[in-house]
Student: 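Shown below is the structure under consideration.
Every number for a ligand or one of its atoms is a count from 1 in the order of the listing. From a predicted model like this one, the values you see are computed outputs, not experimental measurements.
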Amino acid sequence: MCGIVGYTGFQDAYEVVINGLRRLEYRGYDSAGIVLEQGTNFDVAKTKGKVEDLVAISKNLIGKSHVGMGHTRWATHGVPSDRNSHPHISNNGKIAIVHNGIIENYDTIKTMLTEKGFVFHSETDTEVLVNLIQYLMDINADIDFPTAVRYALNEVYGAYAITVMHEDFPGVLVVARLGSPLAIGLGNNEYFIASDASPFVEFTKEAVYLEEGHMATISLEHGVDIRNIKDNVKIIPEVQQLKLSLEQIEKGGYEHFMLKEIFEQPKSIHDTLRGRLLVEEGIIKMAGIWDHLERLNQAQKITIIACGTSWHAGLIGEYLIEEFARIPVEVEYASEFRYRNPIITDKDIVIAISQSGETADTMAAIKMAKEKGAFVYGICNVVDSSISRVTDAGSYTHAGPEIGVASTKAFTSQLTVLSLIALKLGKHNGNLSNQEFMRLITELDALPKKVEEVLETTNDIVKDIAKHFIGAQNFLYLGRGYNFPAALEGALKLKEISYIHAEGYPAAEMKHGPIALIDENMPIVIIAPKQGHYDKIVSNVQEIKARKGKIIALVNKGDTQVASVADYVIEFPETSECFSPIIASIPLQLLAYYIAVYRGANVDQPRNLAKSVTVE
Ligand code: F6R
């Protein structure tokens with residue numbers, strides 16, 4: 001969602017801020033803006049559209065300042081427009097703000113400020129906050145700018161990450177966070193602020209991640225002064241050494257981040273397994289689980305909470321844990337779970353899955369589960385993300401930064417972690433024999449190679465198949481068992497980036513409704529590996545053929561039965577049914593990708609979507 005970049009130092013603030021905003025484009029946005037300190041004035045440029053549209057109207061600001069901040073906005077209050085874009089400036093023209101998140105009580109404050117004579121030029125909650133800061137300074141002559149920001153934040157509720165500048169306090173940036181992430185990069189005589197470390201990773205490897213409810217006043221003169229927003233208590237910052245490299249966040253010769261990330265999967269899955277799966281010793285080592293193994297094993301039930309693609313990973317996690325550990329599992333959308341008073345006790349385990357580690361609904365669901373006494377285990381990709389910090393224990397997926405909005409490598413790494421957890425629990429509680437455990441971990445270990453093979457052998461075929469479906473209006477995705485959630489995920493990928501309507505179904509459910517949709521214009525992707533209800537799938541394929549549906553079949557190498565009926569065939573290597581979604585997902589990701597590219601869609605930043613969904 002929205003992105004923030006701020007800078008104070010010796011470099012050209014315009015270049016730092018604009019390049020930083022480019023790095024945050026992946027988060028999803030619809031307008032962009034920048035404000036630079038110009039002596040005792042602000043220079044502001046903002047526009048609906050992309051960062052390049054902002055550059056087109058703001059080149060006159062190059063080389064003009066060493067202090068500034070910028071923003072990419074994902075509309076919440078008010079349509080995407082020049083007026084609603086950030087930064088917003090207070091009525092007296094002295095205070096500028098950029099803001100991620102939502103101020104829930106903005107309406108009441110706006111009414112109060114309007115009565116005091118304030119005028120609003122946008123529909124945003126952000127403009128209310130900046131004027132509240134001005135108002136508090138107007139009525140309290142003895143408070144300084146950071147104090148006014150703190151007072152204002154104590155008046156609002158909601159979620160935010162903000163950066164604020166004041167003309168009378170040159171060189172000073174005040175930042176704060178509650179619910180939206182904010183990192184401060186510590187350079188040599190320069191400071192950076194950003195929604196994540198990617199805008200400043202080329203300049204410094206040292207960063208402070210602002211904690212929930214904290215604010216910081218940053219200046220070259222006084223450094224970084226962190227306080228608790230509520231009571232102004234000084235906080236000693238914990239400086240982190242960034243492991244992120246520039247290479248990881250660049251396209252590396254690929255046309256899109258999504259394609260790069262699809263092709264990174266042999267490595268990302270390998271990285272997920274590294275140090276955890278020791279095949280020769282016959283053990284799975286997971287620090288996050290080891291200390292809590294008994295608690296996990298004694299759970300009366302495990303509830304998996306997540307959203308979107310991570311929820312699909314959760315569904316496959318349910319199959320894995322129930323099959324191998326024989327512990328009952330429920331999978332819930334975090335957004336539903338949190339609002340429906342679920343039965344959760346201190347005997348329960350909740351597994352929260354989130355690539356970004358910032359999803360607002362998943363965060364709120366975790367808090368609720370913890371209040372009910374559950375032990376919450378997190379599976380996150382982003383190290384030090386909010387979710388990884390609030391959970392009781394957890395495992396990182398170690399897939400590396402995922403920049404494409406459509407999740408690919410993070411998904412297969414989530415499945416890999418869930419496989420490790422299920423097999424570890426199953427072995428520990430005796431449901432898995434040693435022999436079966438060894439067979440499965442050997443297969444798990446072979447997955448990076450198989451994923452590499454499937455990328456090599458299917459990329460050109462899928463690219464070619466995609467050409468035939470540029471004009472499709474609808475798609476059905478079918479699978480059974482472990483591959484039913486894989487079908488859901490395949491459909492989600494297609495709709496997200498190509499804007500073609502797509503539905504995933506368990507193949508057997510087809511005859512209970514969706515079969516009515518099938519005619520010669522309906523493409524149907526069917527996942528039909530040898531293991532896992534193959535005979536039943538063969539019947540489903542025949543039913544589709546009889547109605548002239550266009551079948552794209554994902555089958556194991558050497559398959560003849562389904563392949564002879566299908567219109568298009570994609571072969572992938574055999575593996576145990578439980579791991580087949582990991583392999584089958586690769587051609588499904590490629591299919592969505594190529595169809596979207598042929599349709600001219602913006603693959604990495606699909607319309608209306610955001611990488612981390614920090615609003616509810
Ligand atoms: C789809 C996608 C989204 C996310 C969802 C949850 O490609 O990326 O559906 O999976 O917004 O996000 P995380 O996993 O960050 O909690």
Student: Counting both backbone and side chain atoms, is some N or O of Q414 under 3.5 Å from an N or O of ligand 1?
Tutor: no
Student: Specify whether Y568 and F469 have parallel, tilted or perpendicular ring planes, treating 30° as the upper limit for parallel and 60° as the lower limit for perpendicular.
Tutor: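 Correct class here is perpendicular.
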Student: Less than 4.5 Å apart, any side-chain heavy atom of E496 and any of L609?
Tutor: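 In short, these two side chains touch, coming nearer than 4.5 Å.
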Student: What I want to find out is whether E371 reaches K367 closely enough, with some N-O distance under 4.0 Å, to be called a salt bridge.
Tutor: no
Student: Could you go through residues 472-484 and list every donor-acceptor pair under 3.5 Å that involves a side-chain atom there, pairing it with any protein atom two or more places apart or in another chain?
Tutor:
unit_1 : atom_1 : unit_2 : atom_2 : d
N474   : OD1    : H501   : ND1    : 2.9
R480   : NH1    : N540   : OD1    : 2.9
Y482   : OH     : Y319   : O      : 3.2
Y482   : OH     : E323   : OE1    : 2.5
N483   : ND2    : S580   : OG     : 3.0

Student: For A406, counting its heavy atoms only, list the atoms of ligand 1 lying under 4.0 Å from any of them.
Tutor: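 Under 4.0 Å from A406, ligand 1 has these atoms: 7 (O).
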Student: Does a side chain donor of either T124 or N84 reach within less than 3.5 Å of an acceptor in the other side chain?
Tutor: no
Student: For ligand 1, which atoms sit closer than 4.0 Å to a heavy atom of G308?
Tutor: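 Checking each atom against G308, I get 9 (O), 10 (O).
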Student: Please indicate whether any nitrogen or oxygen in S310 is less than 3.5 Å from any nitrogen or oxygen in ligand 1.
Tutor: yes
Student: Could you name the option among C380, S354, C307 that has the heavy atom nearest to atom 6 (C) of ligand 1?
Tutor: C307
Student: For atom 4 (C) of ligand 1, what is the closest protein heavy atom, and at what distance to 0.1 Å?
Tutor: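 Answer for atom 4 (C) of ligand 1: T309 N, 4.0 Å.
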Student: Less than 4.0 angstrom from a charged side-chain N to a carboxylate O is my criterion; do R340 and E332 meet it?
Tutor: yes
Student: Salt-bridged, K50 to D53, with N to O below 4.0 Å?
Tutor: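 No, K50 and D53 are not salt-bridged.
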Student: If you have a sec, work out which protein heavy atom is nearest atom 11 (O) of ligand 1 and how many Å separate them, to one decimal?
Tutor: V613 CG2, 3.9 Å
Student: Which heavy atom of the protein is the closest neighbour of atom 12 (O) of ligand 1, given with residue, atom name and distance?
Tutor: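 The protein heavy atom lying closest is T359 OG1, 3.4 Å.
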Student: What is the nearest protein non-hydrogen atom to atom 15 (O) of ligand 1, stated with its residue, atom name and distance?
Tutor: S356 OG, 2.6 Å
Student: Side chain, backbone, both or neither: which part of E496 comes within less than 4.0 Å of ligand 1 when only heavy atoms are counted?
Tutor: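 Side chain only; the backbone of E496 stays clear of ligand 1.
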Student: For ligand 1, which atoms sit closer than 4.0 Å to a heavy atom of V405?
Tutor: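 Matching atoms, with element in brackets: 7 (O), 8 (O).
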Student: Can you find a non-hydrogen atom of K493 under 4.0 Å from ligand 1?
Tutor: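 The answer is yes: ligand 1 sits under 4.0 Å from a heavy atom of K493.
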Student: Taking the side chain as every heavy atom from C-beta outward, state whether L494 and V525 have any pair of such atoms under 4.5 Å apart.
Tutor: no
Student: I'd like to know if V382 contacts ligand 1, where contact means a heavy-atom distance under 4.0 Å to any ligand atom.
Tutor: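 Distance cut 4.0 Å: V382 fails for ligand 1.
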Student: Taking atom NZ as the centre, does K372 end up with more than 12 heavy-atom neighbours from other residues, nucleotides or ligands that are less than 6.0 angstrom away?
Tutor: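 Buried by this count: over 12 neighbours within 6.0 Å.
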